[in-house]
Structure formats: structure tokens, C-alpha cells
J.: 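Provided herewith is a single structure, encoded as C-alpha cells, for subsequent inquiry.
All residue numbers refer to positions in the sequence shown, counting from 1.
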Amino acid sequence: MAIRITHATPVYAPAWQFGGPVLSISRLCKGLQEANQEVKVLTTNAGLDEFPLEQLNKPTQYDGVEVNYFQVDNPEGAIYSSKLIKHLPHLLANTDILHLSTIWQPLGIPIQKIAHQLKIPVLQSLRGALGPYSRRKKWWKKIPYYWLRERPWLQKAAGLHVTTQQERQEIEQLGLKAPCYLLPNPIELGELQLDTKSGHEWRHQHHISLDIPVFLICGRQHHKKGLDLIPNVLQRLGQLQWHLVIVGNDDDGSGEKLIKKLNQQGLGHRITRLPSQPASTLGALYNAADLLLLPSRHENFGNVVVEAMACGCGVLISDQTGVGGDLLHDAPSGFGAVLAREPQLWAEWLRGWLQHHQRAGSQSAGWAAGHFGSHAVAKQALRIYQEILEGPGL
């Protein structure tokens, strides 16, 4: 019998500008729908300025999944929808389990209150929101809000969804009594797979020779991503041949600072910079690149890591990236490296890699698909839902 699953999140596809969680949640919902489960999404039209007004506040379809987009109260302020809350008792009436992604979001508390009244178990996705980096940002606001608002409801949750062992270890320090369930972020194998031809075509369109090793920085540009490490690394490789592709939107000026520094070092001619790209075009981009660079100060999971690997692209990431533990545990040799955020370490490793210049290839692609494909992750999610529903008192 199908499980009736409701996902609630302030933002949903195609609001890609809000980052990895939008991709991850939409891919999971699609995977669950394809596994013949009853999936419903409750969200707002935040970030979707051109969303048709006639499709608001009622069920519609996105990528085969029923999605209810509700009018956001204030497009310029915190994401909240009075209409969503008003209709919530009706929308949750036939729900077996609620999968929620709302930490630090004002929508989260009223949704949990109503779910609790209806005796619907809640699995709360943390997605790095309670990690040390996030807690330190605006801590004077977050600490009282956490203790007075978030924590009491987290204690009542049927489960806490973490995406990596790193996140589980971080959460254990908070002393929450709700059990943790490990469920990685999924990738869409229909769009992300090894395809040499598409990579060659992408390079041709952007006038990058097939002989030049290509480094890739992909995703939103923010202080958290640690991009300030990159100029200190690349200036040590100036005598070697390489090209850097930077893709994504600049959230806080980190991208501009990176470009300015590289230009000052005389490396500007080696850079191709592009805005955030639609999910449908990422496969060709990853296939065109040889090595993804992710020097994050803290990364709850690291979607771009497994996306790149699924396309045969190697990865060089910081040891503060959640999925790094999985790579070190059983990823095939040749995937790349997981290093501390030290410029000398990165430069030495890259110098050695450039001497051989070989893509990670099919072994890494197969490993990523087997561990993080949307169908595989959907099956894991179903096991978690079933365990919660069969738990004590339910």
C-alpha cells in the first residue's frame, strides 16, 4: 500500500536560486512519485515572480508531482503564506507522514502545530541549518529563537533527517531526543550521467580547447563556500596550463572578490564566468569539466560533488564537506581528494594532478549513481517512513 507523504518547504522548484535544497527536495519527491507513492508538496511562490496567478493556492503539477504553490504574503520579506496556513488542516487531512524542511523559517512552527494536533508524525530535514557555521551566523538572533521556538518542536519530532555522518555528529552535540535518520541528497541520473559528447560540445561553444584541463566552481557564491582560498592556490600554478569555469550567482560579493583577485594576479584571461544555469544544462557543464573545486568552510552535504562525479568529473573538496566522508570511505580511487583548507596542500595536490590530467571517468560515475541516484534514495526514504510509522505509539 502506498504511503501518503506530504512535503512542506518554503520554496520549491523551479526556484533554483535558493540553492541545493530546492534541487534535493524536488528530486526526492519525483523519485517517491515514480516509486508509486502518494506525494504532495506544500510550498509558496517565493522566488517565482512569473508564476501564473491562476495556478496559485490550488493543486498543480510539477515534474509529475502534485505541488500546491501558495501566495507568499510579502515577496520582499520573510517567507510566509497565510493562505497556506489557513488551508493546512484540509491539506494534511489524509497525510500519513509529513516531511518538513523549515528550520529558521516562520512557516515551520504553525505547520508543526497543526500536524501535531492531527497526530501526523513529522520528519524534520535539518539540511545543515543547525550546523556550527549556520548557528554562528546572526547568533544573537538564532540562539534565543532556537531555544524558545525551534527546539521544543524538534523534541516532538518523530525523526530528524540528516544527509551525512558529519551532520549526524554535529546534531548529537545538541542533545535532541528525536532519532536521526540518514538519507543522502539524490541526483537525477536522467540529466546527470557520463556523456563525453555533450562535454565536448559545451567546450566548443565556449571556445575552450579539449587539451586544456578545466577546473569548475559551481553553485552560489558565498563566504561559506570558501572561495577566497582559490586565488592563493591558483597563483602557485600560473606556469601550468589550466582554465577555470565559474558558474553561479553571487550572493554576498564573494564572487566579485574572487574575480578581482584573479585579475590582479594576471589570471583573468583563464576564466569563464557564467550565471546560475538551469538544472537541465548542468550535465553538459560537468562533462566538460575535469575537476570540481569546492573549498567550503562548511558544507552540510555538497550536491555539486556527487553531480559532478555522476558525469565523470573528479572533485577536490575541503574536509568540511559532508559528503567527503562517503568519498573517503568507499569511493573508487581516482575520484580526486578531500583536503584541509590550506593553500599549500591544494596547490601541491593540483600540481601533481595536472601532470597526469585524467578525468575520474566511469568508475566514479557508477559509484555516484549507485549511492545517490534518485530511485535508490527514494527507496531509502520509504524505509525510513515505514520505520517511523511502525514505531511506538503510532
J.: Determine yes or no for a side-chain-to-main-chain donor-acceptor pair under 3.5 angstrom, with H329 supplying the side chain and G325 the backbone.
T.: no
J.: If we ignore hydrogens and angles and just use 3.5 Å, is the side chain of W104 paired with the main-chain N or O of A129 as donor and acceptor?
T.: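 Between the backbone of A129 and the side chain of W104 there is a qualifying donor-acceptor contact (under 3.5 Å).
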J.: With no hydrogens and no angle check, is any side-chain donor or acceptor of T102 less than 3.5 Å from a backbone partner on Q105?
T.: no
J.: Ignoring hydrogens and angles, state whether a donor on the side chain of Q344 or E348 is under 3.5 Å from an acceptor on the partner side chain.
T.: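 Indeed, the side chains of Q344 and E348 share at least one donor-acceptor pair under 3.5 Å.
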J.: Do L28 and V122 sit in the same hydrophobic cluster, where Ile, Leu, Val, Met, Phe, Trp and Tyr count as joined when their side-chain heavy atoms come under 4.5 Å apart?
T.: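 Not linked; separate clusters.
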J.: Has the side chain of D250 got a donor or acceptor atom that lies under 3.5 Å from a matching backbone atom of S254?
T.: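 Confirmed, D250 side chain pairs with S254 backbone.
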J.: Which atom names give the shortest non-hydrogen contact between A381 and L32, and what distance separates them?
T.: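 Distance-wise, the nearest heavy atoms are CB-CD2, 4.2 Å.
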J.: For H161, give me all partners under ring-ring contact (aromatic ring centres under 6.0 Å, His included), at least two apart in sequence or on another chain.
T.: H99
J.: Once you measure the plane-to-plane angle for F301 and F372, does it fall in the parallel (<30°), tilted (30-60°) or perpendicular (>60°) bin?
T.: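 It falls in the perpendicular class, over 60°.
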J.: Do any N or O atoms from the side chain of S318 and from the backbone of Q320 form a donor-acceptor pair under 3.5 angstrom?
T.: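 Yes, because the side chain of S318 sits within donor-acceptor range (under 3.5 Å) of the backbone of Q320.
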J.: If I compare all heavy atoms of L98 with all of A115, which pair ends up nearest, and what's the gap?
T.: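 It is CD2-CB, 3.8 Å.
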J.: As a quick check of understanding, evaluate side-chain contact (heavy atoms from CB on, under 4.5 Å) for L327 and V305, giving each step before the final call.
T.: CA-CA 10 Å; L327 300 184; V305 177; 4.0 Å; yes
J.: Would you say R127 and S101 make side-chain contact, with heavy atoms under 4.5 Å?
T.: yes
J.: Partners of R297 by salt bridge (charged side-chain N to carboxylate O under 4.0 Å, His left out), sequence neighbours excluded?
T.: D228
J.: Taking R341 for its side chain and G226 for its backbone only, find out whether a donor-acceptor pair lies under 3.5 Å.
T.: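 Present.
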J.: Show every side chain to side chain donor-acceptor pair (under 3.5 Å) that has at least one partner inside residues 258-279, sequence neighbours left out.
T.: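 Every side chain to side chain donor-acceptor pair (under 3.5 Å) pair that includes a residue of residues 258-279, provided the two are not neighbours, is Q221-R273, Q235-Q265, H243-T272, E256-R273.
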J.: Just to verify, what does Y146 make a ring-ring contact (aromatic ring centres under 6.0 Å, His included) with, not counting sequence neighbours?
T.: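 Not a single residue meets the ring-ring contact (aromatic ring centres under 6.0 Å, His included) criterion with Y146.
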J.: Could you pull out the closest heavy-atom pair between S198 and G283, with the gap in Å?
T.: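 Heavy-atom minimum between the residues: OG-O, 4.5 Å.
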J.: Considering residues at least two apart in sequence or located in another chain, which fulfil the salt bridge (charged side-chain N to carboxylate O under 4.0 Å, His left out) criterion with E299?
T.: K225
J.: Quick one, P275 and N249 - any side-chain contact, counting heavy atoms below 4.5 Å?
T.: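 Yes, their side chains come closer than 4.5 Å.
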J.: From S280 OG over to E188 CD, what is the distance, rounded to the nearest 0.5 angstrom?
T.: 11.5 Å
J.: Salt bridge (charged side-chain N to carboxylate O under 4.0 Å, His left out) with D251: which residues, sequence neighbours excluded?
T.: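 Once residues adjacent in sequence are excluded, the partners of D251 under the salt bridge (charged side-chain N to carboxylate O under 4.0 Å, His left out) criterion are R220.
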J.: R351: what forms a side-chain hydrogen bond (donor to acceptor under 3.5 Å, both in side chains) with it, not counting sequence neighbours?
T.: none
J.: Distance alone, cut at 3.5 Å: any donor-acceptor contact between the side chains of D195 and Q193?
T.: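 Their side chains do not contain a donor-acceptor pair, so the 3.5 Å distance test is not met.
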J.: Quick one: OH on Y69 to CG on L84, what's the gap to the nearest 0.5 Å?
T.: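 With rounding to 0.5 Å, OH (Y69) is 13.0 Å from CG (L84).
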J.: Answer yes or no: is there an ion pair linking D73 with K86, defined by an N-O contact shorter than 4.0 Å?
T.: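 Not counted as a salt bridge, because no side-chain N and carboxylate O are separated by less than 4.0 Å.
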J.: Under 3.5 Å, is there a donor-acceptor pair between the side chain of T163 and the main chain of L183?
T.: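 Absent.
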J.: Spell out, as yes or no, whether a donor-acceptor pair under 3.5 Å connects the side chain of R4 to the backbone of D96.
T.: no
J.: Is Q358 atom CD crowded by more than 12 heavy atoms from other residues, nucleotides or ligands, each under 6.0 Å away?
T.: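 Result for CD/Q358: open.
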J.: Applying ring-ring contact (aromatic ring centres under 6.0 Å, His included), can you list everything that pairs with H223, at least two apart in sequence or on another chain?
T.: none
J.: So, using salt bridge (charged side-chain N to carboxylate O under 4.0 Å, His left out) as the criterion, who are the partners of D319 when residues are at least two apart?
T.: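 None.
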J.: Do N232 and W346 pass the side-chain hydrogen bond (donor to acceptor under 3.5 Å, both in side chains) test, and can you show the C-alpha distance, the side-chain angles, and the key distance before you say yes or no?
T.: CA-CA 9 Å; N232 293 330; W346 280 55; over 6 Å; no
J.: Please confirm whether the backbone N or O of Q71 pairs with a side-chain atom of N57, one donor and one acceptor, at under 3.5 Å?
T.: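 Between the backbone of Q71 and the side chain of N57 there is a qualifying donor-acceptor contact (under 3.5 Å).
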J.: Closest heavy-atom contact between S24 and N303?
T.: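 Scanning both residues, the minimum pair turns out to be OG-ND2, 2.8 Å.
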J.: Taking E191 first and then K30, would you say they form a salt bridge - that is, a charged N and a carboxylate O separated by under 4.0 Å?
T.: no
J.: With no hydrogens and no angle check, just 3.5 Å: does a side-chain donor-acceptor pair link D290 and W242?
T.: no
J.: Measure across L118 and P89 and return the closest heavy-atom pair with its distance rounded to 0.1 Å.
T.: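 Smallest interatomic distance, heavy atoms only, reads CD1-O, 4.1 Å.
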J.: Does any non-hydrogen side-chain atom of V304 lie less than 4.5 Å from one of L216?
T.: no
J.: Can you name the nearest heavy-atom pair linking I109 to R149, along with the distance?
T.: CD1-O, 3.5 Å
J.: Mark yes or no for whether S364, through its side chain, and G361, through its backbone, hold a donor-acceptor pair below 3.5 Å.
T.: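 Absent.
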J.: Could you check L354 against Q241 for side-chain contact (heavy atoms from CB on, under 4.5 Å), going step by step and ending with a plain yes or no?
T.: CA-CA 8 Å; L354 285 168; Q241 193 177 51; over 6 Å; no
J.: Counting only heavy atoms not in Q363, do more than 12 fall under 6.0 Å of its CD?
T.: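 No, CD of Q363 has 12 or fewer neighbouring heavy atoms, counting only those of other groups under 6.0 Å.
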J.: What residues form a side chain to side chain contact (heavy atoms under 4.5 Å, CB included) with E172, not counting sequence neighbours?
T.: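 So E172 forms a side chain to side chain contact (heavy atoms under 4.5 Å, CB included) with R168.
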J.: Please assess S209 against R203 for the test side-chain contact (heavy atoms from CB on, under 4.5 Å), listing each intermediate value before the final yes or no.
T.: CA-CA 7 Å; S209 169; R203 284 198 181 211; 5.8 Å; no
J.: With Y286, which residues qualify under ring-ring contact (aromatic ring centres under 6.0 Å, His included), at least two apart?
T.: none
J.: Could you check C218 against L282 for side-chain contact (heavy atoms from CB on, under 4.5 Å), going step by step and ending with a plain yes or no?
T.: CA-CA 9 Å; C218 187; L282 288 177; 4.2 Å; yes
J.: Considering only heavy atoms from C-beta outward, does the side chain of W202 approach that of V245 to under 4.5 Å?
T.: yes
J.: Is the count of non-hydrogen atoms from other residues, nucleotides or ligands lying under 6.0 Å from K156 atom NZ greater than 12?
T.: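 Above 12, so yes.
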J.: Consider only side-chain N and O atoms of R27 and N185, and report whether a donor and an acceptor are under 3.5 Å apart.
T.: no
J.: For the NE2 atom on H204, are there more than 12 heavy atoms of other groups (residues, nucleotides or ligands in this structure) within a distance under 6.0 Å?
T.: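 Not more than 12 within 6.0 Å, no.
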J.: Anything under 30° is parallel, anything over 60° is perpendicular, the rest tilted; go ahead and classify W353 against F215.
T.: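 Tilted: the ring planes of W353 and F215 meet at 30° to 60°.
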J.: With a 4.5 Å heavy-atom cut-off, do S374 and L189 have their side chains touching?
T.: no
J.: Quick test of your reading: applying ring-ring contact (aromatic ring centres under 6.0 Å, His included), list the pairs with at least one residue in residues 76-96, sequence neighbours left out, ordered by first then second residue.
T.: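 Qualifying pairs: F70-H87.
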J.: Any heavy-atom pair between the side chains of I271 and I246 that's under 4.5 Å?
T.: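 I246 reaches I271 side chain to side chain.
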J.: Can you check whether L88 reaches P110 side chain to side chain, under 4.5 Å on heavy atoms?
T.: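 Result no, sub-4.5 Å side-chain heavy-atom pair not found.
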